[in-house]
Amino acid sequence: MSQYERGEHSIVESYKNMRTSLIINKNIKTILVTSSDMDEGKTTVTSSLAKCFSELEDKKVLLIDCDLRKPSIHRQFKLDNEKGLIDVIIEGNFKEYIKNNGKLDILTTGKKTKKPAELLESDLMKNFIEEVKEYYDYIFIDSPPVSRVNDACIIAKYIDGTIIVSSSNEVDIDLAKLTKKRLSKVNANLIGIILNKFKEEDNIYHNYYGYYEEDKKPSRFKFKLKRR
Ligand SMILES: Nc1ncnc2c1ncn2[C@@H]1O[C@H](COP(=O)(O)OP(=O)(O)O)[C@@H](O)[C@H]1O
Ligand SMILES: [Mg+2]
């Protein structure tokens with residue numbers, strides 16, 4: 001179950017506000033969620049955003065686990081992970097591998113691959129994303145942390161918008177800068193930052209916001225997501 005479903009009123013409202021901000025931009029259909037490091041809340045946020053969007057009556061939403069190194073979407077929604085994205089990239093026929101959670105469609109990773117970066121970089125993967133865009137209104141993608149591996153930067157190249165999740169207590173400013181630099185280098189379209197695990201008394205992160213505001217490509221939204 002996602003944080004959105006378990007969450008208290010303020011958390012649910014935060015996700016709905018993010019949804020409203022994202023919907024405004026009609027050109028954004030595929031959304032990558034990443035972060036600087038592990039445990040900042042990528043999987044939590046991606047699952048919740050996807051679930052929140054899937055509640056829109058007239059919208060079809062797909063959640064894809066592209067963290068091929070540390071898959072976890074299947075755990076969030078208690079699904080098996082025997083088959084998934086890796087099989088789809090190689091064999092095609094994505095509809096056979098889709099699982100469901102209510103109205104939300106989910107594609108888990110499938111069994112591990114020794115070459116995650118090569119698979120994500122392949123034309124097969126890019127073609128698959130183009131194909132699913134015809135079937136879904138929104139596609140949310142979970143990914144590994146940018147400071148550890150290059151996978152999210154690879155995905156960002158063929159995705160409409162990238163959101164960075166930053167854990168407010170744990171984030172290392174140098175890693176955050178590195179993340180921004182790496183994503184900018186591949187021309188990722190940075191559409192927002194989510195300050196996760198935020199405590200009301202943590203005001204020191206105003207500088208961190210400033211860092212993003214300085215950029216010529218401003219974040220279209222910034223959100224604070226409280227600790228549960
Ligand atoms: N806003 C939050 N408040 C409290 N705990 C959170 C919050 N967001 C994530 N977590 C917890 O932090 C841990 C890491 O989250 P996860 O989404 O798996 O991170 P990542 O995918 O970036 O590695 C999990 O135990 C998750 O339940
Ligand atoms: Mg994760």
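Indexing begins at 1, ligand by ligand and atom by atom, following the structure's order.
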Salt bridge (Lys or Arg N to Asp or Glu O under 4.0 Å) with R75: which residues, sequence neighbours excluded?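 Applying salt bridge (Lys or Arg N to Asp or Glu O under 4.0 Å) to R75 gives none.
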Among residues at least two apart in sequence or on other chains, which ones pass salt bridge (Lys or Arg N to Asp or Glu O under 4.0 Å) with K29?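 K29 satisfies salt bridge (Lys or Arg N to Asp or Glu O under 4.0 Å) with no other residue.
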Neighbour count above 12 (heavy atom, 6.0 Å) for K103 NZ: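 Yes - once you tally the heavy atoms of other residues, nucleotides and ligands closer than 6.0 Å, there are more than 12.
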Please tell me whether F140 and F94 are part of a single hydrophobic cluster in this structure, the criterion being side-chain heavy atoms less than 4.5 Å apart.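 No; F94 is not reachable from F140 via cluster members.
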What are the protein N/O/S atoms, named by residue and atom, that sit under 2.8 Å from the Mg ion (ligand 2)? T43 OG1
Sidechain N-carboxylate O distance under 4.0 Å for D37, K42: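 Between K42 and D37 there is no salt bridge, as every charged N stays at least 4.0 Å from the carboxylate O atoms.
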Among V165, T43, I194, whose heavy atom sits nearest atom 18 (O) of ligand 1? T43
Closest candidate by heavy atom, reference atom 12 (O) of ligand 1, pool Q3, K197, K42: K197
Would V45 count as being in polar contact with ligand 1, using the rule that some N or O on each side must be under 3.5 angstrom apart? no
Do any N/O atoms on D37 end up under 3.5 angstrom from N/O atoms on ligand 1?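 No; the residue has no nitrogen or oxygen that sits under 3.5 Å from a nitrogen or oxygen of the ligand.
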What residues, two or more places apart in sequence or in another chain, satisfy ring-ring contact (aromatic ring centres under 6.0 Å, His included) together with Y158?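 Checked Y158 against ring-ring contact (aromatic ring centres under 6.0 Å, His included); zero matches.
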Taking 4.0 angstrom as the limit and counting only heavy atoms of D39, give me the atoms of ligand 1 inside it, by number and element. 14 (C), 19 (O), 20 (P), 22 (O), 23 (O)
Could you verify whether a donor N or O on one side chain and an acceptor N or O on the other, from S47 and S2, lie under 3.5 Å apart? no
Given T162, which partner from the list I141, L183, I191, I155 fulfils the side-chain contact (heavy atoms from CB on, under 4.5 Å) test? L183
Lys/Arg cation over aromatic Y4: K51, 6.0 Å, 45° cone: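 Here K51 fails the 6.0 Å and 45° test against Y4.
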Using a heavy-atom cut-off of under 4.0 Å, does the side chain or the backbone of T44 touch ligand 1, or both, or neither?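 Under 4.0 Å from ligand 1, T44 contributes backbone and side-chain atoms.
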